[in-house]
Amino acid sequence: MSKDKITFTIDGCEVTAQPGQTVMQAADAANIRIPQLCYLEGLTPHGSCRVCIVKANGRLDTSCTLPAVEGMVVENNTEEINEYRRDLVDMLFVEGNHICPSCEKSGDCELQGVAYELGITAPKYPYQFPRRETDASHPDIFLDLNRCILCARCVQTSRDLDGKTVFEFVGRGPDKKLAIRPGARLADTELDITDQVVGSCPVGTILKKRVGFAVPVGERTYDKEPHPEQPVSE
Amino acid sequence: MSAPAKRVIIEPVTRVEGHGKVSIYMDEQNRVQQARLHIVEFRGFERFIQGRPYWEVPVLVQRLCGICPVSHHLCAAKAMDQIVGVDKLTPAAEKIRRLAHYGQTFQSHALHFFHLCSPDLLFGFDADPAIRNVIGVIREYPDLAKQGVLMRKYGQEVIKATVGKKIHGTGAIPGGVNKPLSVAERDVLLPDLEQMLEWAVATVKIAKDYTAEHLETLKDFATSPTNHVSIVRQDGAMDLYDGNLRAVSPEGERIFDGVKPMEYTDYFQEEVRDWSYMKFPFIKSLGREEGWYRVGPLSRVNVCDFIDTPAAEKERQEFMALTNGKPNNITMAYHWTRMIELLHAIEKIRELLHDPDLQSDDLVLQGERREEAVAIIEAPRGSLFHHYQVNEQDEVVMANLIVSTTHNNTAMNTAVQRVAEDHLDGQPELTEGMLNHVEVAIRAYDPCLSCATHALGQMPLVVSLFDHQGNLIARKSKA
Ligand code: SF4
């Protein structure tokens with residue numbers, strides 16, 4: 001007989017989950033913060049960024065994909081796990097070209113936000129300076145792959161919510177990259193400014209054109225809800 | 001050209017922003033043949049901007065300079081106004097940008113005066129370098145040093161209130177600005193205003209008295225008669241934010257006037273020389289030899305007909321009286337004119353802070369897209385030109401930036417040459433005094449040598465002497 005409630009602990013606190021809920025969903029409901037990046041409500045979680053890793057009964061796993069199980073012992077906010085998270089986020093920075101001071105997403109960027117949250121002030125790994133493309137062909141949308149973190153939100157949103165499959169991944173390992181149909185530019189796709197995919201990007205890769213820096217410093221997402229570690233704009 | 005007999009290299013020049021290197025070539029008769037100031041300018045930016053969306057440029061381009069980023073920010077924004085088809089901003093937007101610009105001018109001039117040039121003026125530029133530095137000023141003139149710090153800070157607060165951050169703000173956007181000045185932000189700035197004004201008046205006096213007292217020595221120091229260039233308002237008033245180009249000869253005759261920024265390529269040409277990364281611009285109609293010119297505070301005061309704020313105008317008149325209304329060509333007069341502008345900037349800040357337009361929400365306009373734009377602003381160090389072409393897809397396809405240090409390139413080289421001739425002709429010996437004088441001459445221009453941020457303060461100075469075959473025969477250094 002299935003129980004209608006699951007009880008487990010996160011960092012020693014008792015948490016209740018509905019059957020079928022993931023550890024992340026249960027934690028969110030209980031107001032326990034698990035740092036996360038690629039997860040977006042409405043999409044199927046797939047653990048691609050791995051920032052939400054926790055230790056469940058001694059094993060590392062992504063909490064967005066991990067079903068809550070009765071009696072499970074979850075470690076979340078520990079130095080060991082936060083260090084793994086810092087490493088992961090660090091790599092996302094150095095694997096792309098992130099020049100935050102001149103990026104219009106700065107202050108609203110979820111990658112930057114999670115870096116603040118984890119207390120990262122400068123990457124410890126060497127910058128890779130990859131050569132990445134931009135695509136300005138679309139009249140309303142600018143695509144800057146320099147900042148893409150391969151979170152797959154756009155791939156999923158376009159396919160599952162917009163029903164268009166504008167974006168896909170090509171290549172493997174270090175060569176994996178976000179792409180559109182071979183030989184096509186963004187203007188050749190069905191992408192429209194009103195598509196949900198436009199708002200799905202956590203970083204400054206998919207941008208509405210001509211918006212730029214319309215929101216002043218002080219009124220951006222992370223200006224209004226700064227993380228304790230976040231440096232103050234001077 | 002035959003191989004130079006001796007080569008003197010001074011590197012890096014201390015107490016200028018960035019770093020530079022000076023080589024002095026002697027001929028066989030031990031006369032100075034040529035002096036070269038090598039400037040490391042990072043021109044890669046113009047390539048880097050290519051392919052970026054135009055709305056990003058005002059924020060991106062600020063990173064060219066850690067000392068006057070606001071000037072680049074505003075100049076690029078002025079260009080992007082044209083790209084989005086806006087020739088005239090809303091009153092609120094223009095005034096907020098102007099406020100940012102005067103804040104920038106105020107803080108930059110205060111920084112230059114107190115941190116970089118006041119040691120020369122207060123101790124005399126032949127004084128022992130061990131005391132002739134900012135630490136010496138703090139020790140001997142603690143009140144003055146404190147004023148310098150507070151004035152700079154005030155300018156930075158103005159910048160923060162208008163563009164969002166003290167450095168690398170985002171306030172100016174194509175067609176306007178992204179925020180008004182709130183009443184709360186204004187009220188933070190108002191209480192110290194009169195104090196700043198009072199200090200600015202006192203600071204002009206220091207520079208003025210110094211120049212008057214040492215006029216005989218300064219008259220010929222590192223000085224040559226030159227043409228002067230700056231933008232001026234339509235009615236001839238000094239305008240640091242906007243206007244058309246005017247050039248005058250060393251005697252004050254107009255070379256051209258009312259030249260729109262877009263027409264600059266008809267009037268200026270940039271020459272490349274194989275030994276320098278930095279170009280040498282000149283006025284086309286006068287040619288390479290005669291067409292070089294100066295920009296910056298000295299030129300602006302020389303070029304304008306009047307200043308539209310009373311205290312600074314009074315000072316301008318006093319300054320111009322010294323040369324009977326003709327342009328003043330004394331290199332060291334840069335310091336005096338820089339302080340006249342400091343005063344002008346704070347008077348303008350006062351005017352603007354009391355203007356209710358700054359609290360208006362009417363901030364952004366839009367017009368019909370254009371593909372090319374040229375904007376000119378008077379940055380603290382002189383005229384700054386930004387020229388862009390933007391394609392239909394909103395990408396920048398061409399950028400050409402002429403910064404003030406580039407405009408002054410020939411003038412600075414000539415100034416170094418003058419000093420070298422005075423000290424080295426007939427006796428090619430590296431003396432401390434000569435090094436000091438080279439440094440003082442370059443510093444008068446307040447050059448931003450690498451257009452990059454470097455730590456302020458003393459950098460080691462190394463002088464090398466080479467014979468005509470390029471062999472090192474002597475080296476002198478000072479910490
Ligand atoms: S996308 Fe985010 S992390 Fe990357 S440059 Fe922009 S603000 Fe920085």
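In what follows, chains are A, B, ... by sequence order, proteins preceding strands, each numbered from 1.
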Problem set entry | Aromatic centroids of B/Phe385 and B/His387 separated by under 6.0 Å |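 B/His387 vs B/Phe385: aromatic centres not under 6.0 Å.
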For this session: Check the surroundings of atom CD in B/Glu392: do more than 12 heavy atoms from other residues, nucleotides or ligands lie under 6.0 Å from it?
Result: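 Count not over threshold, so no.
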Taking only Lys NZ, Arg NE, NH1 and NH2, and the carboxylate oxygens of Asp or Glu, determine whether [X] and [Y] approach each other closer than 4.0 Å.
X        : Y        : answer
B/Arg52  : A/Asp144 : yes
A/Arg86  : A/Glu79  : yes
A/Arg33  : A/Glu117 : yes
A/Glu110 : A/Lys105 : no

Problem set entry | Positive for side-chain hydrogen bond (donor to acceptor under 3.5 Å, both in side chains) with B/Asp81, one of B/Gln366, B/Lys88, B/Arg97 |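 Of all the options given, the one that passes is B/Arg97.
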Exercise. Any idea which of B/Val163, B/Val57, B/Ile173, B/Val59 has the most non-hydrogen atom pairs under 4.5 angstrom with chain A?
Worked result: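 Of B/Val163, B/Val57, B/Ile173, B/Val59, B/Val59 has the most heavy-atom pairs under 4.5 Å with chain A.
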Problem set entry | Residues in residues 181-199 of chain A near chain B [non-hydrogen atoms, under 4.5 Å] |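 Against chain B, none of the residues of residues 181-199 of chain A fall inside the cut-off of heavy atoms under 4.5 Å.
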Problem set entry | Neighbourhood of chain B inside residues 132-140 of chain A, taking heavy atoms under 4.5 Å as contact |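 From residues 132-140 of chain A, the residues near chain B are A/Thr134, A/Ala136, A/Ser137.
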Exercise. Is chain B contacted by the side chain of A/Ile99, its backbone, both, or neither, given a heavy-atom distance below 4.5 Å?
Worked result: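 The answer is the side chain of A/Ile99.
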For this session: Look at the side chain of B/Gln107 and the backbone N and O of B/Lys153, then say whether any donor-acceptor pair between them is shorter than 3.5 Å.
Result: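 No; judged by distance alone, with no hydrogens or angles, the pair does not exist.
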For this session: Could you tell me whether a side-chain N or O of B/Asn178 sits under 3.5 Å from a main-chain N or O of B/Thr170, the two making a donor and an acceptor?
Result: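 Yes; at least one donor-acceptor contact below 3.5 Å.
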Problem set entry | chain A contact via B/Glu56 - side chain, backbone, both or neither, heavy atoms under 4.5 Å |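 Both backbone and side chain of B/Glu56 come within 4.5 Å of chain A.
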Exercise. Should A/Tyr127 and A/Asn97 be marked as a side chain to side chain donor-acceptor pair (under 3.5 Å) after you check the CA-CA gap, both sets of side-chain angles, and the distance that decides it?
Worked result: CA-CA 8 Å; A/Tyr127 287 101; A/Asn97 298 309; over 6 Å; no
Problem set entry | Contact summary for B/Ala100 and B/Thr162, nearest pair of heavy atoms |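 For B/Ala100 versus B/Thr162, the nearest heavy atoms are CB-OG1, 3.3 Å.
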